[in-house]
Trainee: 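Below is a structure I'd like to ask you about.
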Protein chains: 2
Amino acid sequence: MELKQQIYQNLRNQGCRITAHKRSLIEMLINNLGRFLSITDLENLIPDSVSMDTSTIYRTVMTLQEHGLIESMIDDNGLTSYMLCHELGVHHHHLICTGCGKTIIIPCQPQLWQDASQQCQFLVTHHKVEIYGLCADCQARGLKS
Amino acid sequence: MELKQQIYQNLRNQGCRITAHKRSLIEMLINNLGRFLSITDLENLIPDSVSMDTSTIYRTVMTLQEHGLIESMIDDNGLTSYMLCHELGVHHHHLICTGCGKTIIIPCQPQLWQDASQQCQFLVTHHKVEIYGLCADCQARGLKS
DNA sequence: TTGAATGCAAAAACTTTGCATAACT
DNA sequence: AGTTATGCAAAGTTTTTGCATTCAA
């Protein structure tokens with residue numbers, strides 16, 4: 001099934017309605033697969049033909065998150081950005097390009113902190129790993145970090 | 001030299017004045033070494049004998065951060081917390097107890113991303129690694145994650 | 001004495017909420 | 001028809017800023 005249809009189906013299964021606004025927003029997220037988008041980014045991506053209130057964007061990304069369809073990331077300024085989950089349910093992390101926003105998936109390697117946590121009997125519940133830098137394209141474009 | 005004096009010296013060297021307010025705030029941070037404190041935490045820690053405006057707290061932690069004396073961390077709600085640097089200049093990460101806020105230092109493990117980044121020619125500039133969970137004490141106290 | 005630090009009040013930035021209306025199924 | 005979603009406006013939070021005053025060196 002096409003990604004979009006999978007998402008619609010997932011939402012419908014839990015009583016969500018597929019409105020024109022949700023379609024637009026999901027469209028924008030699909031067009032930016034692999035790139036984190038802030039609320040402001042999303043606002044700017046809304047096509048002129050659509051009028052969507054900011055509160056609707058907030059509410060919609062919250063819905064998508066509750067359904068496990070998007071992953072989020074908090075930047076150094078405390079602002080949250082979102083993107084459609086890469087593979088539903090597969091835990092991973094990202095290399096995040098500060099030039100263009102593109103991300104590259106990297107596997108999670110919990111063994112890297114297992115020794116330390118076991119040693120002091122620390123019970124790990126969750127973690128945050130984000131690697132920032134410049135992707136090959138942005139380096140080629142001459143962007144500096 | 002005592003930690004407090006080191007901090008004062010460092011600030012003085014760059015033209016900062018050691019005011020009564022800064023002393024109080026640094027005192028609070030020293031009393032909570034190894035524990036991240038939010039702005040609200042700091043406000044609550046101000047002794048009754050001292051009156052300090054919130055804007056002063058913001059400005060002071062910013063000053064300390066500019067001088068490289070405190071490290072910060074952004075929680076899942078986008079709120080920033082601060083603590084005095086463990087060892088100035090030594091890069092590391094933390095296991096962070098969500099029960100009591102205590103942290104345990106763990107070394108940085110660049111092998112987490114080195115393979116992947118080299119493979120796709122991604123130039124890493126900085127990164128964020130935070131491991132959350134419950135410390136031994138909080139588990140013993142019966143706290144659940 | 002002079003420039004940095006502070007309090008206060010106001011504004012800015014971001015997010016959430018209540019309610020009447022519109023839209024989906 | 002019944003319920004969810006939306007727009008709008010208002011309020012809530014957190015953070016920043018301008019300016020007159022105070023304080024450290």
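Chain letters run A, B, ... following the sequence lines, proteins first, then strands; residues in each count from 1.
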Trainee: Under 3.5 Å, side chain of Asn32(B) to main-chain N/O of Arg35(B), donor-acceptor pair present?
Mentor: no
Trainee: Which residues, if any, of residues 43-59 of chain A bring a heavy atom under 4.0 Å of DNA chain C?
Mentor: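 Nucleic-acid contacts, sorted: Ser55(A), Tyr58(A), Arg59(A).
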Trainee: What pair of heavy atoms forms the shortest contact from His21(B) to Ser51(B), and how long is it?
Mentor: NE2-O, 3.0 Å
Trainee: Just by modelled atom types, is the Ser38(A) backbone N or O under 3.5 Å from a matching donor or acceptor in the Glu43(A) side chain?
Mentor: no
Trainee: Quick one: does any side-chain atom of Lys128(A) pair with a main-chain N or O of Ile131(B) as donor and acceptor, under 3.5 Å?
Mentor: no
Trainee: Is the distance from OP1 or OP2 of dT6(D) to the nearest side-chain N or O of His21(A) less than 4.0 Å?
Mentor: yes
Trainee: Using a cutoff of under 3.5 Å, can you pull out all pairs of nitrogen or oxygen atoms linking the protein to nucleotides 23-25 of chain D, with atom names and distances?
Mentor:
residue	atom	partner	partner atom	Å
dA24(D)	N3	Arg17(B)	NH1	3.1
dA25(D)	OP1	Ile18(B)	N	3.4

Trainee: I'd like to know if the side chain of Asn77(A) and the backbone of Leu79(A) have a donor-acceptor N/O pair within less than 3.5 Å.
Mentor: no
Trainee: To the nearest Å, give me how far apart CG (Asp41(B)) and P (dT14(D)) are.
Mentor: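 For the pair Asp41(B) CG and dT14(D) P, the rounded distance is 12 Å.
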Trainee: On DNA chain D, compare the nucleotides closest to Gly15(A) and Leu79(B); which residue's is nearer the 5' end?
Mentor: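 Mapping each residue to its closest nucleotide by heavy atoms, the 5'-most match is Gly15(A).
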Trainee: Examine the side chains of Gln14(A) and Asn10(A) and answer whether a donor and an acceptor come within less than 3.5 Å of each other.
Mentor: yes
Trainee: Between Glu66(A) (CD) and dT16(C) (P), how many Å, whole number?
Mentor: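 After rounding, the reported distance stands at 11 Å.
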Trainee: Between atom CD in Gln65(B) and atom C1' in dT16(D), what is the gap in whole Å?
Mentor: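 Roughly 15 Å, once rounded to whole Å.
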Trainee: Could you tell me how the ring of Tyr132(B) sits relative to the ring of His126(A): parallel (under 30°), tilted (30 to 60°) or perpendicular (over 60°)?
Mentor: parallel
Trainee: Expressed in angstrom and rounded to an integer, what is the separation of Lys22(A) atom NZ from dT3(D) atom P?
Mentor: 17 Å
Trainee: Keeping Thr103(B) on the side-chain end and Gly34(B) on the backbone end, is there a donor-acceptor pair under 3.5 Å?
Mentor: yes
Trainee: Report the distance from atom CG of Leu42(A) to atom P of dT15(C), rounded to the nearest whole Å.
Mentor: 11 Å
Trainee: Hey, what bend do you get for the helix from dT1(C)-dA25(D) to dT25(C)-dA1(D) if you fit axes on five pairs at each end, rounded to 10°?
Mentor: 30°
Trainee: Please give, in whole Å, the distance from dT14(D) P to Asn77(A) CG?
Mentor: 17 Å
